[in-house]
Amino acid sequence: QVQLVESGGGLVQTGGSLRLSCSASGRAFNNYAAGWFRQAPGKEREFVAAMSWNGGSTYYSDSVKGRFTISRDKAKNTVDLQMNSLKPEDTAVYYCAGFRVTQIYYAGSYYYKEGTYDYWGQGTQVTVSS
């Protein structure tokens, strides 16, 4: 079992930055791919960003590409999401997610699907004021 805990959310003005961190415990996170999703009020949860288990591949939704960066520190068992140039439409609860890899390669589309992920954090609120 892997437990994921997000931190770093908060209130920020339009154009500002936040860095979310996801801390994994229970098992080494090295063999897990990781992703970030978000859910705004009244909307379904949506994909934000993901990284392959070895960090070799990253994936972003069109809405955050160029503004958000996902990274991981295997030694610390953490996955971070650096969010720059934040907009009011980025306001949401952000969730960290992970799945244990069982093969060397996954098609990029695999990372975008919520059902791919086995483990989820409780979420952290990000609010961007206009």
Side-chain angles (χ1 to χ4, degrees):
Q1 286 286 343
V2 171
Q3 292 80 43
L4 303 176
V5 178
E6 304 93 338
S7 62
L11 175 64
V12 65
Q13 291 186 333
T14 296
S17 298
L18 280 177
R19 189 176 184 90
L20 305 184
S21 187
C22 174
S23 179
S25 62
R27 286 191 176 185
F29 209 46
N30 292 349
N31 294 328
Y32 290 75
W36 286 92
F37 287 74
R38 68 185 182 187
Q39 186 168 22
K43 295 187 177 181
E44 294 186 352
R45 190 154 54 184
E46 64 174 2
F47 171 80
V48 176
M51 175 174 276
S52 61
W53 68 276
N54 60 359
S57 299
T58 56
Y59 307 89
Y60 297 94
S61 67
D62 288 342
S63 61
V64 308
K65 197 172 296 182
R67 300 187 297 122
F68 290 13
T69 303
I70 188 171
S71 62
R72 67 190 303 168
D73 186 327
K74 289 190 174 183
K76 296 182 178 179
N77 261 7
T78 58
V79 178
D80 290 355
L81 184 68
Q82 177 66 42
M83 306 186 296
N84 298 329
S85 303
L86 283 161
K87 306 174 182 180
E89 50 264 44
D90 294 319
T91 295
V93 177
Y94 282 71
Y95 298 89
C96 175
F99 68 92
R100 187 175 182 276
V101 300
T102 57
Q103 56 195 55
I104 297 296
Y105 172 77
Y106 291 87
S109 60
Y110 199 70
Y111 294 88
Y112 289 77
K113 301 174 183 177
E114 191 173 333
T116 293
Y117 297 82
D118 301 312
Y119 301 98
W120 293 83
Q122 292 299 306
T124 185
Q125 176 70 47
V126 171
T127 304
V128 184
S129 63
S130 56

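Just so it is clear, the model here is predicted, and its values are computed rather than measured. Numbers here simply count residues along the sequence, with the first being 1.
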Donor-acceptor pair, Thr116 side chain versus Tyr110 backbone, under 3.5 Å?
-> yes
Evaluate the criterion side-chain contact (heavy atoms from CB on, under 4.5 Å) for residue pair Asn30 and Asn77; output intermediate values, then yes/no.
-> CA-CA 7 Å; Asn30 292 349; Asn77 261 7; 4.2 Å; yes
Hphob cluster co-occupancy, Leu86 + Ile70, side-chain heavy atoms under 4.5 angstrom | yes
Quick one: pull up OH in Tyr119 and SG in Cys22 and give me the separation to the nearest 0.5 Å.
-> 13.5 Å
Least distance between heavy atoms, Gln125 atom then Val93 atom = OE1-CG2, 3.2 Å
According to the disulfide bond (SG atoms under 2.5 Å apart) rule, which pairs have a member within residues 99-130, sequence neighbours left out?
-> none
Ring pair (Phe, Tyr, Trp, His ring centres under 6.0 Å) pairs, two or more places apart, involving residues 3-29 = Phe29-Tyr32
side-chain contact (heavy atoms from CB on, under 4.5 Å) partners of Lys43, counting only residues at least two apart | Ala40
Between Ser130 (side chain) and Pro88 (backbone), is there a donor-acceptor pair under 3.5 Å?
-> no
Whichever hydrophobic residues join Val5 through chains of side-chain contacts under 4.5 Å | none
Same cluster for Tyr106 and Met51 if Ile/Leu/Val/Met/Phe/Trp/Tyr side chains link at under 4.5 Å?
-> no
Exam field: side chain Gln39 to backbone Ala92, donor-acceptor pair closer than 3.5 Å = no
Is the side chain of Thr14 donor-acceptor paired with the backbone N or O of Lys87 at a distance under 3.5 Å, no angle test?
-> no
Verify the cluster assignment for Leu4 and Tyr94: are they in a single hydrophobic cluster under the rule of side-chain heavy atoms below 4.5 Å apart?
-> yes
Output yes when a side-chain donor or acceptor of Thr91 lies under 3.5 Å from a complementary backbone atom of Val128, and no otherwise.
-> yes
Give the C-alpha distance, both sets of side-chain angles, the deciding distance and a yes or no for side-chain contact (heavy atoms from CB on, under 4.5 Å) between Cys96 and Trp36.
-> CA-CA 5 Å; Cys96 175; Trp36 286 92; 4.0 Å; yes
Partners passing salt bridge (Lys or Arg N to Asp or Glu O under 4.0 Å) against Asp90 (at least two apart in sequence or in another chain) = Arg38, Arg67
With sequence neighbours excluded, tell me which residues meet side-chain contact (heavy atoms from CB on, under 4.5 Å) with Ser109.
-> Ala107
Residues that Ala75 engages under side-chain contact (heavy atoms from CB on, under 4.5 Å), provided they are two or more places apart | Asp73
All salt bridge (Lys or Arg N to Asp or Glu O under 4.0 Å) counterparts of Arg100, not counting sequence neighbours | none
For residues 113-130, which residue pairs qualify under salt bridge (charged side-chain N to carboxylate O under 4.0 Å, His left out), counting only residues two or more places apart or in two chains?
-> Arg45-Glu114
Selection residues 12-21 - residue pairs positive for salt bridge (charged side-chain N to carboxylate O under 4.0 Å, His left out), sequence neighbours left out = Arg19-Asp80
Common cluster, Val48/Tyr95, ILVMFWY with side-chain heavy-atom separation under 4.5 Å | no
Under the side-chain contact (heavy atoms from CB on, under 4.5 Å) test, residues paired with Ser7 that sit two or more places apart = Ser21
When every non-hydrogen atom of Leu11 is compared with those of Ser129, the smallest separation belongs to CD1-CB, 4.3 Å
Any pair with a residue in residues 38-92 that passes ring pair (Phe, Tyr, Trp, His ring centres under 6.0 Å), sequence neighbours left out, goes on the list, sorted by first then second residue, please.
-> Phe37-Phe47, Phe47-Tyr112, Tyr59-Tyr111
Side-chain touch Met83/Leu20, heavy atoms, less than 4.5 angstrom = yes
